[in-house]
Amino acid sequence: MNDDKEATFSERNCSTEFQSPQQMDWLRIQDSLKRQLITEDDFKWRLPPKINEREKEGSNCEILLKYVGGVDLSFSKEDSSIACGALVVLDFQTLKVVYEDSSIVRLHIPYLPGFLAFREAPVLLELLDKMKKNAHPFYPQLLMVDGNGLLHPRGFGLACHIGVLADLPTVGVGKNLHHVDGLTQSRVREIRQAADSPENVLPLIGDSGCTWGAAIQSSQGSLKPIFISVGHRVSLATAIETVKMTCRFRVPEPIRQADIRSRERLRNHQ
DNA sequence: GCGACAG
DNA sequence: ATCTTGTCGC
């Protein structure tokens with residue numbers, strides 16, 4: 001009669017019956033913001049040509065990607081409501097930090113899977129806004145976010161949320177898989193086995209046939225993949241490319257630096 | 001019914 | 001997210 005699998009998926013992701021009033025508001029906000037989401041390349045810069053690669057012809061774009069941002073939050077171990085949000089900007093070529101700012105805040109909103117943005121985005125947007133207001137010359141041309149973009153139950157994770165509200169190209173990077181559309185860790189293992197060659201980029205295609213992102217083995221030495229997905233105004237291909245080009249270790253350098261510096265500032269504070 | 005569930 | 005020591009390797 002009816003397909004159990006379809007029903008289960010649809011109910012888990014779209015039902016409002018078992019949501020709190022607060023969460024119903026959040027669902028509406030995510031749905032509304034999602035209408036502004038752009039999942040293709042939409043920016044004026046281009047990637048610096050790789051070494052040993054010829055310049056593409058017809059690329060009449062003069063602006064190179066130079067300023068890549070990264071954002072992350074760290075939490076106090078004593079008081080889990082105290083957090084430090086950090087924004088860093090790196091030179092895309094040298095991976096040197098050219099800008100750093102952070103803010104210690106008290107969070108009143110709990111972490112709920114699927115609603116991470118309502119907890120973490122406000123601090124990070126404020127850090128971005130401060131930079132923009134000052135017309136800072138190092139304002140990022142692309143932002144990497146510690147959290148998913150499209151790889152999210154409703155296709156609108158933290159990276160999309162920040163991207164739309166800041167009107168900035170963003171890439172989502174998850175260190176753990178958020179199970180969506182039949183994509184589980186065991187499913188990812190199956191995809192890896194099925195790859196004809198030992199690919200280090202695995203497309204994450206769910207039961208529905210939709211591509212939610214990609215799992216990549218970002219550096220030799222760590223078997224555990226990271227999960228890349230489109231945030232805003234960036235294609236999946238560009239998202240993967242930029243992450244690969246900024247990975248000195250498992251996590252791309254902009255996010256890693258934001259993580260290190262937010263944690264450091266939290267320790268030195270009290 | 002139980003488990004899973006970004007950070 | 002956070003709790004945690006040493007250890008192996010470039």
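Within every chain, numbering begins at 1; the chains are lettered A, B, ... in the order of the sequence lines, protein sequences first and strands thereafter.
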Once you apply a heavy-atom cut-off of 4.0 Å, does [X] come out as touching a base, just sugar-phosphate, or nothing?
X        : value
A:Ser74  : sugar-phosphate
A:Asn148 : base
A:Phe118 : nothing
A:Gly157 : base
A:Gln185 : sugar-phosphate
A:Gly114 : base

Without decimals, in angstroms, what is the distance between [X] [atom1] and [N] [atom2]?
X        : N     : atom1 : atom2 : result
A:Phe75  : B:dG7 : CZ    : C1'   : 6 Å
A:Arg263 : C:dT4 : CZ    : P     : 14 Å
A:Leu151 : B:dA6 : CG    : C1'   : 8 Å
A:Leu183 : B:dA6 : CG    : C1'   : 14 Å
A:Lys77  : C:dA1 : NZ    : C1'   : 14 Å
A:Ile162 : B:dG7 : CD1   : C1'   : 12 Å
A:Glu120 : C:dT2 : CD    : P     : 10 Å
A:Leu266 : C:dC3 : CG    : C1'   : 15 Å

Would you mind checking if A:Arg28 and A:Asp25 are paired as a salt bridge, meaning a charged N to carboxylate O distance below 4.0 Å?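 Salt bridge present between A:Asp25 and A:Arg28.
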Is A:Glu264 paired with A:Arg267 through a side-chain N to carboxylate O contact shorter than 4.0 Å? yes
Has A:Tyr111 got its ring stacked on B:dG7, by the test of a centre gap below 5.5 Å and a plane angle below 30°?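 Whether judged by distance or by angle, A:Tyr111 passes, so it stacks on the base of B:dG7.
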Starting the side chain at C-beta, find the nucleotide from B:dA4, B:dA6, C:dA1 nearest to A:His179.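 In terms of side-chain proximity for A:His179, the closest of B:dA4, B:dA6, C:dA1 is B:dA4.
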Between B:dG7, C:dT2, B:dC5, which nucleotide gets closest to the side-chain atoms of A:Pro113?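 From the listed options, B:dC5 comes nearest.
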Quick one: which of A:Leu90, A:Val71, A:Leu65, A:Leu128 gives a side chain to side chain contact (heavy atoms under 4.5 Å, CB included) with A:Pro140? A:Leu128
Counting only heavy atoms not in A:Glu126 (residues, nucleotides, ligands), do more than 12 fall under 6.0 Å from its CD?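 Count not over threshold, so no.
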May I ask you to test the A:Arg154-A:Leu27 pair for a side-chain heavy-atom distance under 4.5 Å? yes
